[in-house]
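Single-structure report; data block below.
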Amino acid sequence: MPELPEVEVTRRGIAPHVEGRVITGLVVRNHALRWPVDPTLPKVLKGLRIARTQRRAKYLLLDCGRGWLIIHLGMSGSLSVLNRGAPPRLHDHIDLELDSGELLRLHDPRRFGAFLWTQALPAEHELIAHLGPEPFDAQVTGTWLRAQLKGRKAPVKNLLMDTRLIVGVGNIYASEALFHARVRPGRAGGRVTLAECHRLIAAIQATLAKAIEAGGSTLRDFVGADGSSGYFQQTHFVYDRAGAPCRVCGHAIKLARFSQRSTYYCSYCQQ
DNA sequence: CTTTGCACCTGTTGGC
DNA sequence: TGCCAACAGGTGCAAA
């Protein structure tokens, strides 16, 4: 589920419920996430106050004063805010209990997600330290992207999804952004022109912003919601539309695979 | 260093 | 209806 917009919408959804709250307990029903959940975490977290929430790439960050919780939703994770005592369902792996009487619940069938604790700053954490810039950073421009892609032979689609280059562009938005920029996904990175780089950055920013806005508008009360309400229902231009007519020119959308990931494009609009 | 393929895991879908 | 293979929105890691 989670591409960057959903993670950001989730952050905004949980923020009013967790910021300023004191952690009264942590229940871990299944430790076997992508990395084992630290068995000492319930003891470590009890009594700490969550000062604020942040997001870096697709990592949710909870500032607990003495350290930070780093939460990743993987492919199938979601967070919800529930009242204490709500019965856990299958794949509800972790409850973070709060002094408000609510709890933050992690649900993740595939268990590719992560629930980590660090006493350093998140920016210094091994998983975060080597990440590229956020799509909305001031340094992220067409000129910057052109410099990053120079000399690279890998498909530009793969490079856009490389988190060391830039974060937040998942499999859906890579296809969508390349369509809007009118660039074929299989083109070697080094062969993307400056004008196309400008269009790519504009497309990435516009697509992400629109999705966050759409998700945010469905976010009245996050309690009980699973954090995936609405935003992903927005219509895509190419993603998951193989064989369907291009919304711009009418030609059939094509499906290809790059590094075993489904990739959609219009062979007429994108060169 | 860059690029590629695999791995983790469960649930859903489509073809036979 | 049942069975099985292929696939699913992420990303760290090993190997080439």
Side-chain angles (χ1 to χ4, degrees), chain A residues 1-10 29-37 55-60 70-79 89-94 106-116 118 125-132 134-135 147-179 185-192 204 207-208 210-212 214-215 226-243 255-264:
Chain A
M1 295 183 185
E3 290 248 4
L4 183 137
E6 185 170 356
V7 177
E8 177 58 23
V9 168
T10 295
R29 297 185 195 82
N30 191 342
H31 291 256
L33 301 186
R34 175 146 199 198
W35 292 280
V37 179
R55 179 190 56 75
R56 175 74 172 101
K58 293 171 187 168
Y59 294 95
L60 284 164
I70 301 176
I71 302 172
H72 198 289
L73 300 177
M75 287 274 256
S76 59
S78 59
L79 289 172
R89 296 179 307 174
L90 190 62
H91 305 310
D92 284 344
H93 304 311
I94 298 181
L106 175 67
H107 176 88
D108 185 5
R110 289 175 76 177
R111 289 188 275 123
F112 290 171
F115 197 93
L116 303 168
T118 179
H125 191 276
E126 190 62 28
L127 292 174
I128 294 175
H130 310 293
L131 293 174
E134 295 282 328
Q148 301 304 306
L149 298 182
K150 187 172 185 181
R152 303 291 296 264
K153 292 177 178 170
V156 58
K157 193 241 185 184
N158 290 17
L159 295 170
L160 290 178
M161 294 176 66
D162 183 345
T163 55
R164 288 163 305 182
L165 202 157
I166 186 171
V167 303
V169 184
N171 198 41
I172 293 178
Y173 292 108
S175 282
E176 293 295 306
L178 284 160
F179 172 78
R187 181 116 57 92
R191 304 226 165 200
V192 180
I204 289 167
T207 317
L208 292 177
K210 193 176 163 192
I212 291 170
D226 66 359
S228 59
S229 53
Y231 102 86
F232 59 90
Q233 294 167 8
Q234 69 181 221
T235 57
H236 301 125
F237 277 81
V238 289
Y239 184 79
D240 202 24
R241 296 195 64 240
L255 167 62
R257 293 205 166 266
F258 292 91
S259 298
Q260 298 111 262
R261 308 290 255 123
S262 292
T263 306
Y264 302 85

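If you're wondering where the values come from, they're calculated on a predicted model, not measured in any experiment.
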Euclidean distance, atom CZ of residue Arg261(A) to atom P of dG9(C) [Å, nearest integer]: 5 Å
Once you round it to whole Å, what is the distance between C1' of dA7(B) and CH2 of Trp35(A)? 12 Å
Euclidean distance for P, dC6(B) against dA6(C) (whole angstrom): 13 Å
Check whether any side-chain nitrogen or oxygen of His72(A) sits under 4.0 Å from OP1 or OP2 of dT11(C), and answer yes or no. yes
Please report, rounded to the nearest Å, how far the C1' atom of dT3(B) is from the CG atom of Leu149(A). 15 Å
Distance, rounded to the nearest Å, where His130(A) contributes NE2 and dC1(B) contributes P: 12 Å
5'-most contact on DNA chain C (nearest-nucleotide basis), Thr163(A) vs Ser262(A), goes to Ser262(A)
Separation of atom NE2 in His125(A) from atom P in dT11(C), rounded to whole Å: 14 Å
Could you please name the option among dG5(B), dT2(B), dT4(B) that lies closest to any side-chain atom of Arg152(A)? dT2(B)
Please work out if Phe258(A) contacts a base, only the sugar-phosphate, or nothing of the nucleic acid, heavy-atom cut-off 4.0 Å. nothing
Of the nucleotides dG12(C), dG10(C), dT4(B), which has the atom closest to the Lys58(A) side chain? dG10(C)
Separation of dT2(B) C1' from Lys150(A) NZ (nearest whole Å): 17 Å
Considering just the side-chain nitrogens and oxygens of His91(A), establish if one lies under 4.0 Å of OP1 or OP2 belonging to dC9(B). no
Can you tell me how far P of dA8(C) sits from CZ of Arg257(A), to the nearest Å? 5 Å
5' priority, DNA chain B, between Asn158(A) and Phe112(A) [closest heavy atom]: Asn158(A)
Between dT11(C), dA8(C), dT10(B), which one does the side chain of Met75(A) approach most closely? dA8(C)
Could you check whether the side chain of Arg34(A) and the base of dT11(C) have a donor-acceptor pair of N or O atoms closer than 3.5 Å, going by distance alone? yes
Heavy atoms only, 4.0 Å cut-off, all strands: where does Leu127(A) land among base, sugar-phosphate and nothing? sugar-phosphate
Side chain of Arg111(A), heavy atoms from C-beta onward: which of dG12(C), dT10(B), dG9(C) has the nearest atom to it? dT10(B)
side-chain contact (heavy atoms from CB on, under 4.5 Å) for Asp240(A) and Ile172(A)? Distances and angles first, verdict last. CA-CA 9 Å; Asp240(A) 202 24; Ile172(A) 293 178; over 6 Å; no
Is a donor-acceptor pair below 3.5 Å formed from side chain Arg110(A) to base dC9(B), judging by atom type as modelled? yes
Can you tell me the Watson-Crick or wobble partner of dG9(C), both distances under 3.5 angstrom? none
Using a 3.5 Å distance criterion without hydrogens, assess whether the side chain of Arg55(A) forms a donor-acceptor pair with backbone atoms of Ala57(A). yes
Just to be sure I understand the rule, does Leu33(A) reach a base, reach only the sugar-phosphate, or reach nothing, if contact means heavy atoms closer than 4.0 Å? nothing
According to a strict under-4.0 Å criterion, is Tyr173(A) in side-chain N/O contact with OP1 or OP2 of dG10(C)? no
So, Thr263(A) versus Arg257(A): side-chain donor-acceptor pair below 3.5 Å or not? no
Distance test, side-chain N/O of Gln260(A) to OP1/OP2 of dC7(C), below 4.0 Å: no
Between atom CG in Asp162(A) and atom P in dG10(C), what is the gap in whole Å? 13 Å
Just to confirm, is there a sub-4.0 Å distance from OP1 or OP2 of dC1(B) to any side-chain nitrogen or oxygen of Arg164(A)? no
If you check the Leu159(A) side chain, which of dT3(B), dT4(B), dT11(C) turns out closest? dT3(B)
Using atom P in both nucleotides, what's the gap between dG11(B) and dG12(C) to the nearest angstrom? 24 Å
Parallel, tilted or perpendicular: rings of His72(A) and Tyr59(A) (30°, 60°): perpendicular
Can you check the distance between dG9(C) and dG14(B), where both ends of the measurement are the P atom (answer in whole Å)? 15 Å
Inspect the surroundings of CZ in Arg191(A) and state if more than 12 heavy atoms from other residues, nucleotides or ligands are less than 6.0 Å away. no
Any side-chain heavy atom of Val192(A) sitting closer than 4.5 Å to one from Leu159(A)? no
